[in-house]
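Here is the structure we will look at.
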Amino acid sequence: MHTSVLPFGLVVLGCTVSANAQQFQMATNFPGTATWSEGVECADVDQDGDLDIFVADGDGFATAGTARQNLLWINQTAQGTPYGLVDASVARLGVHTSHAKGVTTGDIDGNGWVDALYANAFFTSPPSLYVNQGAANPGFFNFEGVARGFTTSFSSGSAAFADLDDDGDLDVIINDRYNSGTAGKAHLYLNDGAGNFTENAAALNAPNKASQMDVQLADVDGDWDFDFVGLTKASTAPGQYLMINNGAATFTDSSSLISVASGGVYEAEVGDLDGDQDLDLFFVSISGFSEGVARNNFAPSGPLSFTNQSPFGGDDDNEIALFDYDNDGDYDVLVGSLRAGSEKLYRNNGALSFTDQSASVQNTSDSTLDCTVADLNNDGKYDIVTVQGESGSFVNKYLKNTGAADTVPPVFTATKQPVGASALGPWVVKAKVRDQVLDDGVDFVTGSATYVVQSAAANAGVSVLAGGAFSAPTLAVGAGTKLTFTNASGANTNLTCTTAPYAFDSGTLANGATYDAVLVEPGVYAFQNTVSATTCTVTVAGATSTGAWRKAGPQIQRYTLTDTLGGTAVRVCFELRARDWPGNVRAVTGCFDVTPVLTGTGYCSGDGSATACPCGNAGGTGRGCGNSVNASGALLVATGAASLTGDTLILSGNGMPNSSALYFQGTGQQGGGLGSVFGDGLRCASGSVVRLGTKTNSAGASSYPVGADPTVSVKGLIAAPGTRTYQVWYRNAAAFCSVDTFNLSNGLSVVWGA
């Protein structure tokens, strides 16, 4: 992408170059004919457990050169040949040439298989979309760009996928006017859910910008949607794109917040470089040819703004990739460089201080236009992949990581749970996850979810006693239990559970304070505190359900949970897991409340009077008559589906004494729906009245699962669709009136369907 190669001068920031020389050593060159390559991305296209390589080839810097075949190299590591690459471009993609400058991957149709999009320059062809044939023919692709909506030719250098409108599928932004002095607009395409795309220029509302080079999608303002950061070579501010998403793929131009204007901006990477949980920008050229950071000031309290840090370096560079090469938990920076020497490597010291560690990368003396990091031989270490063009021999390379394997699991930095959701579901839980690698949104992290849907919240409690002992050193609970620890030790403590893959940690727990640990997955958990060496061993047993996982975009995972109780749930507890490429796993748990969906229509209410004995009339309060516990009387409601083929109906009586409650069913409404005096209440159900069963009230409430009672169909009570009426009879614990000692709820009319 450049026209010249500048000499390299060694830059050392803060300390001397590491003695760990040559951590990244040449493994071999790519096989095949060397051609001008501009983009590279790795993905497991055939799901055989190793990472394959897409390469974008297409000659030309400012004008079109030779159109080249879109490339796919199949990795043979899973077949026993580490770093073995086979050129399967024609066999798996078909014969398709273009002036490709970038390639991006994602599952566009939700079938669980990775697809690929090539961004093509010079207005010579539309974006090239390859759709994976999936399980029927893993890793083989259909060329379907035009058929799926990409019918217009642009001059693009980059594209990126993300769920921009929060509907569960991947949309895409493609830039335009690649390396050109002529201004144009970037392009937003929305996915219909089946992998078909339609451009929505009005929603993006992009201003015209020249020399568009790179597309990054990231949540820069912390509101759980993906904003558009577009990098350009414009030398006048505001040269870069910053388009803020409102959550539904409608964008507002905030480009003036980024004050980097340099003719050398070919790329920037977006990631948290200072550990404050917002996303900073590392520019390949923040001033002239010098690299540097634009610090995001959003955390901890905003507003969104960026402050350029002191530049360093000063070479003709092209690409940024973030990865934690030294396994210390922060992002270091790899720079793909055109200079005569190795790629650059900057070690992150924290607080936006970086040390030049380029000596750790073998000198390859090439013209790198793009680079990435990927574990190509499945040894748990992230290797470097570079592709070359513009000058030199154009030989693409990969350099083996000889350092320590990645043993650091992904980190959940935040979760987002539904609020005020209906119990019918489905429910979407989101998580922000960071791992050791981040390049153009790729991190190789996958996810999974298990969960428990509860009709009654499951809770348990344990105390840390004086001296540090647990009040229950062993405990058995059901899956999905919220376990509350109370610190009653008289001193501060820290409560932890390190049973892999969990990382429960209360932090400093003051005396008298509580800490909740949600335990979802069956197994044995060992909790410890810092007051003593004692352990609380919790055994979790019970059934869980499996949720659906999908990557929403860079560093945001989307987990979908579905209802299993027919709309009768009150709480959902979940466990999310994130797994990186070397196999490190981290879990996070949580719960959210849901609102049961009421079924049926109440009628025949008493007057709710605590002095009427009996009520003897219909006052319209929606409840039964007052009783010795509740002056408003008992309330009968139903949740779930009243369906003969999928019955989940549950009757729930509330506001009753803790005595036996008899649930019964009728076929009509007594007294035309007004009821008739019966005991301390009103009889509401009439017709063919049959007892359903007796339940014991607890805390003034009980429930009866109508659809789950095998005797119902035997009695023929709901053998055919139609209306049934329900009521609860119960005995007062202490007589409400001296005349009668029993009472009733309101009536409830339910229509049963087929």
Distance in Å, Thr402 OG1 paired with Gln22 CD, rounded so as to fall on 0.5 Å steps = 8.5 Å
Separation between CD (Gln555) and CG (Asp435), nearest 0.5 Å, reads 9.0 Å
Whether the side chain of [X] engages the backbone of [Y] through a donor-acceptor N/O pair (distance < 3.5 Å, no angle test) should be reported.
X      : Y      : result
Arg434 : Asp272 : yes
Tyr189 : Gly149 : no
Arg347 : Thr355 : no
Asn175 : Gly157 : yes
Asp165 : Ala249 : no
Asn396 : Gln388 : yes

Asp375 meets the salt bridge (charged side-chain N to carboxylate O under 4.0 Å, His left out) criterion, sequence neighbours left out, with none
Stacked cation flag Arg92 on Tyr130, 6.0 angstrom / 45 deg = no
Classify the ring geometry between Phe161 and Phe197 as parallel (under 30°), tilted (30 to 60°) or perpendicular (over 60°).
-> tilted
For the pair Tyr346 and Phe282, name the ring-plane relationship: parallel under 30°, tilted 30 to 60°, perpendicular over 60°.
-> tilted
Check whether the ring centres of Tyr525 and Tyr502 lie less than 6.0 Å apart, and answer yes or no.
-> yes
Shortest non-hydrogen contact from Asn584 toward Pro410 | O-CD, 3.4 Å
Shortest non-hydrogen contact between Ala56 and Ala100, atoms and distance | CB-CB, 3.6 Å
Is there a side-chain contact between Val387 and Glu38, using heavy atoms and a 4.5 Å cut-off?
-> no
